[in-house]
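The sequence lines fix the lettering, A, B, ..., with proteins before strands; numbering per chain opens at 1. Note: hydrogens, waters and symmetry copies are ignored here, and every other heavy atom, side chains too, is used. Predicted, not measured: the structure shown is a model, and the values here were computed from it.
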Protein chains: 2
Amino acid sequence: MSAAVPIPARAMAEIGIESRPGHLIRRCHQIAVALFLDHCAASDLTPMQYALLKAAARHPGADQITLAGHAAIDRSNAARLAAGLEARGLLRRAVDPADRRARRLTLTMAGAALLGDAEAAVQAVQDDLLAPLAAEERVIFLAALRKIADHHNHASRAPLLPPRPPNTGRMSSGIKGRRVLF
Amino acid sequence: MSAAVPIPARAMAEIGIESRPGHLIRRCHQIAVALFLDHCAASDLTPMQYALLKAAARHPGADQITLAGHAAIDRSNAARLAAGLEARGLLRRAVDPADRRARRLTLTMAGAALLGDAEAAVQAVQDDLLAPLAAEERVIFLAALRKIADHHNHASRAPLLPPRPPNTGRMSSGIKGRRVLF
DNA sequence: GCCAAATAATCCCTGTGCTGATTATTTTGC
DNA sequence: GCAAAATAATCAGCACAGGGATTATTTGGC
């Protein structure tokens with residue numbers, strides 16, 4: 001209704017879903033997940049679990065919300081993932097004595113060991129994924145992905161992670177703070 | 001453990017998740033979905049529902065499995081989606097008299113109308129998504145996505161779509177083929 | 001001090017994506 | 001022709017992804 005717009009919708013309709021960026025991204029995501037699960041079957045980690053563990057490794061003792069931000073996971077999912085990882089003995093969740101609402105996450109020895117073991121497999125996934133691309137193509141492809149992710153970061157339902165090196169000149173009004181920045 | 005592999009895992013571990021292709025693809029996918037839902041709120045369509053409707057529009061009367069293949073959706077999900085779309089009156093599922101196991105899907109008038117209304121919004125999503133990329137970048141980016149999706153199509157848990165024309169009247173071995181390739 | 005706003009975490013609900021099992025139907029092997 | 005294999009669809013179940021409401025706790029206004 002209300003198709004007052006003078007756009008040649010007919011032409012668009014002929015384009016075909018399989019060349020649309022959104023559709024291609026979805027398929028690539030499916031593939032990336034499948035490759036990850038195959039390569040990391042030994043560690044029994046999903047991509048999200050890996051991402052959260054990795055974030056915990058880089059920011060030990062941070063609270064769930066912060067870690068979720070670093071891994072681009074929403075807080076609901078982060079809570080579930082953290083609970084699962086804690087049950088598997090890979091993560092410890094300690095109530096922050098200074099703010100008893102927050103849970104500070106730290107890797108256990110087992111978690112750190114598993115993460116270490118998984119690194120090679122995870123790297124293999126990335127190599128596999130990009131296998132069909134030539135070297136220069138990879139650079140452009142990754143830069144493009146990053147541009148899209150950064151540009152639309154605000155639009156993502158999944159929260160943003162404090163992306164850039166936070167030492168953006170004068171950091172946030174007054175705080176001389178040492179942002180953690182891994 | 002058993003890190004008998006002489007790989008500098010230390011170095012990899014420092015790379016940081018946010019530059020890994022898999023992670024970037026995941027974020028781009030989240031973004032694409034979010035943009036789609038925003039732009040298409042009026043039609044109340046999800047990306048998958050749109051994909052299935054679109055496939056039904058292009059191959060009217062095809063069975064669910066075939067359509068699922070064209071949309072790169074697995075059959076379970078296709079069944080759920082089709083049931084929902086039928087309940088909304090957008091799709092008709094008729095038992096194939098020639099093979100009573102199969103359900104042939106066709107758009108209803110309402111479904112075709114909704115699809116038509118959604119086209120402009122869907123196109124806007126794609127434009128939005130690629131907005132941060134320059135024209136030449138887009139070409140390379142899309143080509144790269146397609147290469148990855150095609151190369152790993154077999155590895156995808158989500159089935160592949162048969163890129164071949166359905167009238168495979170033999171032309172499968174010596175094919176002079178007419179790839180659709182719009 | 002005390003009530004209200006803000007915040008960390010959790011829970012419930014919907015939808016996606018896939019696996020494996022089950023059912024109905026067709027095709028096939030004999 | 002009939003039992004066995006194959007196939008289309010469905011269903012049950014798990015994990016992911018996100019939204020919105022709820023709870024516990026802290027902080028801020030007064």
(Q) Any salt bridge linking E119(A) with K54(A)? Criterion: basic side-chain nitrogen under 4.0 Å from a carboxylate oxygen. (A) yes
Can you check the [X] [atom1] to [N] [atom2] distance for me, whole Å?
X       : N       : atom1 : atom2 : result
D74(B)  : dG17(C) : CG    : C1'   : 6 Å
Q64(B)  : dA9(D)  : CD    : P     : 5 Å
L81(B)  : dC11(D) : CG    : C1'   : 15 Å
R101(B) : dA5(D)  : CZ    : P     : 16 Å
Q30(B)  : dG17(C) : CD    : P     : 13 Å
M48(A)  : dA15(D) : CE    : C1'   : 10 Å
D99(A)  : dA24(D) : CG    : P     : 15 Å
D96(B)  : dT7(D)  : CG    : P     : 16 Å

Q) Between the base of dG17(C) and the side chain of R80(B), is there any donor-acceptor pair under 3.5 Å? A) yes
**Q.** Pairwise 5' ranking along DNA chain D for A98(A) and T46(A), keeping only the more 5' one
**A.** T46(A)
**Q.** Identified ring pair (Phe, Tyr, Trp, His ring centres under 6.0 Å) partner of H29(B) from the options H23(A), H152(A), H29(A)
**A.** H29(A)
Q: Give the cluster check for L142(B) versus F141(A): same hydrophobic cluster or not, with ILVMFWY residues linked at side-chain heavy-atom distances below 4.5 Å.
A: yes
**Q.** DNA chain C: 5'-proximal contact among R104(A) and I31(A) (nearest heavy atom)
**A.** R104(A)
Q: Test R104(B) against every option in T66(B), D63(B), D96(B) by the side-chain hydrogen bond (donor to acceptor under 3.5 Å, both in side chains) rule and name the one that passes.
A: D96(B)
Q: Compare the minimum distances between each of dG18(D), dT26(C), dT10(C) and the side chain of R100(B), then state the nucleotide with the smallest one.
A: dT26(C)
Q. Counting any heavy atom closer than 4.0 Å, what does N77(B) reach on the DNA or RNA strands: base, sugar-phosphate only, or nothing?
A. base
Under 4.0 Å from OP1 or OP2 of [N]: is there any side-chain N or O of [X] that close?
X      : N       : answer
S76(B) : dC11(D) : no
R93(A) : dT10(C) : yes
Q49(B) : dG15(C) : no

Q: Check step by step if side-chain contact (heavy atoms from CB on, under 4.5 Å) holds for L105(B) and R92(B).
A: CA-CA 6 Å; L105(B) 305 190; R92(B) 209 169 20 244; over 6 Å; no
